[in-house]
Colleague: 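Below you will find the structure I want to go over with you.
Just follow the structure's listing: the first ligand is 1, and inside any ligand the first atom is 1. Here the structure is a predicted model, which means the values were calculated and not measured.
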Amino acid sequence: EIKCRYMNGVGAVSGGATLATFQDITHVEQASQMRRDFVANVSHELRTPLTALMGFIETLQGPAHDDAAARERFLKIMSDEANRMNRLVGDLLSLNRVESEERVRPKEQLELTGLLQSTLNSLRPLATDAKVDLNLNAPEGPVTLTGDNDQLRQVFTNLIENAIKYGGSGGSVEVRVIPSERDTAMRGPAVRVQVIDKGPGIDAVHLPRLTERFYRADSHRSRQLGGTGLGLAIVKHIINRHRGRLRVESDLGKGATFTVILPR
Ligand code: ADP
């Protein structure tokens, strides 16, 4: 969509004619606006825990200096805030890496069911803490594809972690693997991985924006759970790199289903 045209050069050419060159800068302007928004968001996200840290340091240096119980409590909060900053910086670096690699096609041969099994195993402690049953429903035999093992693990970790964190109140999270020789969306051999929860779901108004950086459907809950708001943005870039698709469906009050479609 072209919203503005900008004349970026006027020059005289021989014979008295004037040559004007036009360049569509819409995308340039949009990109720099996005960059400004991003910097503003990052600054805000970092400043919030930093302000808390500075406040507690001041209190510990002053009024709470000799209060052992308060010191203990404040140090715990400070450690949580420092962890939040650390997670944010970690996710920013991941996002940066996956964006810069987006155009390089992954080349590894990998087996998806095994990858999912080991991802689920590493998330079991989180699920147990949240009293959530984690189930893998996959066909017998290997499901192979070409991809980036570490990046796909990150995709499924983020989706399953979200399902546990936001949808875990439903008691169970199911991961389903559905390979097919001719997928309707990919028009060829593909595999679908569905992460299904039975939690509160996501209101339809949020669905189109869910993979934007720092977009949160429930801001309060995300912050309370230590979310950075970058998980699904990272997921989107990795899936793009694999020429795949991400679909989100949700029935409010009944849960959410995130489907990753990967070509094989
Ligand atoms: P965050 O760090 O906030 O979890 P994400 O990018 O991973 O960031 O997710 C963006 C938002 O999408 C979350 O803040 C949450 O509101 C919503 N969300 C993601 N997964 C689910 C889910 N399974 N059920 C309900 N809401 C979800």
Side-chain angles (χ1 to χ4, degrees), residues 34 37-38 41-42 44-46 48-49 80-99 102 116 119-120 122-123 126-127 129-137 151-176 192-241 244-260:
M34 277 171 69
D37 289 349
F38 181 63
N41 275 326
V42 171
H44 174 75
E45 298 284 337
L46 281 171
T48 309
D80 290 348
E81 295 297 335
N83 278 326
R84 173 188 292 278
M85 291 176 81
N86 197 33
R87 266 198 310 278
L88 179 60
V89 172
D91 276 0
L92 284 169
L93 289 171
S94 289
L95 185 62
N96 203 41
R97 202 170 39 241
V98 298
E99 269 188 298
E102 197 169 322
L116 285 165
T119 307
L120 281 175
S122 59
L123 289 170
L126 184 74
D129 279 351
K131 297 189 173 58
V132 171
D133 245 359
L134 264 185
N135 299 302
L136 178 64
N137 186 341
Q151 287 194 343
L152 289 181
R153 175 184 286 269
Q154 168 129 52
V155 164
F156 299 122
T157 300
N158 289 1
L159 294 180
I160 299 166
E161 231 177 61
N162 278 351
I164 297 171
K165 284 195 311 190
Y166 300 108
S169 53
S172 72
V173 168
E174 185 190 342
V175 179
R176 233 179 251 174
R192 294 184 177 220
V193 179
Q194 296 190 311
V195 179
I196 306 161
D197 73 63
K198 303 272 176 268
I202 306 160
D203 195 301
V205 296
H206 299 297
L207 296 183
R209 299 193 58 193
L210 228 47
T211 59
E212 285 176 24
R213 301 149 167 192
F214 298 117
Y215 190 85
R216 292 158 163 118
D218 184 339
S219 199
H220 176 71
R221 184 131 180 78
S222 163
R223 284 171 208 284
Q224 197 183 32
L225 295 167
T228 61
L230 295 175
L232 291 179
I234 293 170
V235 163
K236 179 185 76 178
H237 285 289
I238 296 176
I239 293 177
N240 283 348
R241 183 183 177 212
R245 303 266 171 84
L246 175 69
R247 280 201 187 149
V248 192
E249 293 148 81
S250 181
D251 221 350
L252 212 52
K254 292 190 183 151
T257 298
F258 284 74
T259 305
V260 178

Colleague: Please list, one pair per line, the donor and acceptor atoms closer than 3.5 Å that link side chains of residues 222-232 to other protein atoms, with sequence neighbours excluded.
Modeller:
unit_1 : atom_1 : unit_2 : atom_2 : d
Ser222 : OG     : Arg216 : NE     : 2.8
Arg223 : NE     : Ser219 : OG     : 3.4
Arg223 : NH1    : Glu45  : OE1    : 3.3
Arg223 : NH2    : Glu45  : OE2    : 3.4
Thr228 : OG1    : Asp91  : OD2    : 2.6
Thr228 : OG1    : Leu230 : N      : 3.2

Colleague: When rounded to the nearest 0.5 angstrom, what distance separates CG in Leu88 from CZ in Arg84?
Modeller: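 So the gap between those two atoms works out to 9.0 Å.
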
Colleague: Residue by residue, ordered by chain and number, which ones reach under 4.0 Å of ligand 1 with a heavy atom?
Modeller: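 If the criterion is a heavy atom under 4.0 Å, then ligand 1 touches Asn162, Ala163, Lys165, Tyr166, Asp197, Gly201, Ile202, Leu210, Tyr215, Arg216, Ala217, Asp218, Ser222, Gly227, Thr228, Gly229, Leu230, Gly231, Leu232, Phe258.
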
Colleague: Verify side-chain contact (heavy atoms from CB on, under 4.5 Å) between Asn96 and Leu92, making sure each step is shown before the conclusion.
Modeller: CA-CA 6 Å; Asn96 203 41; Leu92 284 169; over 6 Å; no

Colleague: Glu99: which residues meet the salt bridge (Lys or Arg N to Asp or Glu O under 4.0 Å) condition with it, sequence neighbours left out?
Modeller: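 Arg213.
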
Colleague: Identify, with sequence neighbours excluded, every residue that meets side-chain contact (heavy atoms from CB on, under 4.5 Å) alongside Met85.
Modeller: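 With sequence neighbours excluded, Met85 shows a side-chain contact (heavy atoms from CB on, under 4.5 Å) to Leu46, Pro49, Leu50, Leu53, given in chain and number order.
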
Colleague: Please step through side-chain contact (heavy atoms from CB on, under 4.5 Å) for the pair Phe156 and Val193, ending with a clear verdict.
Modeller: CA-CA 9 Å; Phe156 299 122; Val193 179; 3.6 Å; yes

